[in-house]
Amino acid sequence: GGSEWTYTGQHGPLHWGSMFQSCAGNRQSPINIETLNVKQEYWKPLLLKNYEKAPSRMRVKNNGHSAQVEIDAAVAPRVTGGGLKGEYIFAQFHFHWGADSTLGSEHTIDGVRYPMELHMVHYKGSYGTLGEAVKRRDGLAVLGVMLEVSSNDNPALAPLATALLNVTDAEMYAEISAMYPLKAFLPRNIEKFYRYEGSLTTPTCNEVVTWTVFDEAISISERQLNNFRALLDSHGGRIVNNFRPPQPLNNRKVYVSAE
Ligand code: SG7
Ligand code: ZN
């Protein structure tokens, strides 16, 4: 359709601003985080509820731009504290990655790019649904996790990496055969994170996201990364380099949680 966007060419990130008004806004994501330019804040710890419980069901969707994981859980995982105002309910997580491991993350830290970035998307409970929350300034809280290459498979990513083989084409879904709690997809140290006010990193680029980017990365093997790189978009092209480049910081501050 006319609102189709891509990561390269005539409908790529440089053109999103003329296709979607919010993408030309002044609090866009991602950003380059300059660690010499962050302000320390002494927040209460980030509180993850039900993050240690294995969901009853997990499935992965190839949405044509990313691999997105949805869960069924008796009690929805939530995040609060850590300077967030209110409680945010887990909606889904997804990934951004490169064609090779020299690039792939959306946020960069002091200019360093990681081969992959995971986003845990949460919406503010008081807004009821994700659809309502994306219309509100403080609607979403996304937790960003960097991934770095290891020579070993990450066991928590293994059932997902296998399920990816069954969602090669856009709009396909597959069940994930073994459930890990969401906590297994986060770094051990969640105490040190960067925080700023930004946007969705894809069109329609709504400026509604309180971003939390953890300092510590988790691991993934090249073999596991290659399963993501084999996914196809709606035109049959490989989904790779599905990251938006860093956006101007403009009038914003970036904070770091005090350790
Ligand atoms: C992904 O990035 C999808 C989107 C997501 C978007 O391509 O997972 O999710 C859905 C439901 O389509 O948009 C509203 C939303 O979660 C942008 O999310 S991000 O800013 O965390 N990268
Ligand atoms: Zn994302």
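First listed ligand is number 1; within each ligand, the first listed atom is number 1. FYI, side chains are in, hydrogens and waters are out, and symmetry mates aren't considered; it's all heavy atoms of this structure. Positions are given from 1, in the same order as the sequence printed here.
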**OP:** Provide the number and element of each atom of ligand 1 under 4.0 Å from a heavy atom of His96.
**Re:** 22 (N)
Original post:
Of all N, O or S atoms in His119, which has the smallest distance to the Zn ion (ligand 2)?
Top reply: ND1
Subject >> cation_pi(Arg252, Tyr196) dist<6.0 Å, angle<=45 >> reply: no
Original post:
Which atoms form the tightest heavy-atom contact between Ile31 and Pro246, and what is the distance?
Top reply: C-CB, 4.0 Å
Subject >> Of the listed options Thr202, Leu140, Leu143, closest to atom 6 (C) of ligand 1 (non-hydrogen atoms) >> reply: Thr202
Original post:
Going by atom types alone, do His107 and Glu117 pair a side-chain donor with an acceptor below 3.5 Å?
Top reply: yes
**OP:** Could you tell me whether some N/O pair between His65 and ligand 1 is separated by less than 3.5 angstrom?
**Re:** no
**OP:** Please find out if less than 6.0 Å separates the ring center of Tyr7 from that of Trp16.
**Re:** yes
Original post:
Among protein heavy atoms, which lies nearest atom 18 (O) of ligand 1, and at what distance?
Top reply: His94 CE1, 3.5 Å
**OP:** Using a cut-off of 6.0 Å, state whether more than 12 heavy atoms not belonging to Glu216 lie near its atom CD.
**Re:** yes
Subject >> Proximity of Asn63 to ligand 1 by residue part, where a heavy atom lies under 4.0 Å >> reply: side chain
Subject >> Option of least heavy-atom distance to atom 5 (C) of ligand 1 (set: Gln68, Gln92, His119) >> reply: Gln92
Original post:
For atom 20 (O) of ligand 1, what is the nearest protein heavy atom, given as residue, atom name and distance?
Top reply: Thr201 N, 2.9 Å
**OP:** Scan Ile33, Asn32, Leu103 and name whichever one has a side-chain contact (heavy atoms from CB on, under 4.5 Å) with Thr108.
**Re:** Asn32
Original post:
Which of the atoms in ligand 1, numbered in the order shown and given with their element, are less than 4.0 Å from a heavy-atom of Val121?
Top reply: 16 (O), 21 (O)
Original post:
Going by an N to O cut-off under 4.0 Å, is there a salt bridge joining Glu207 and Arg27?
Top reply: no
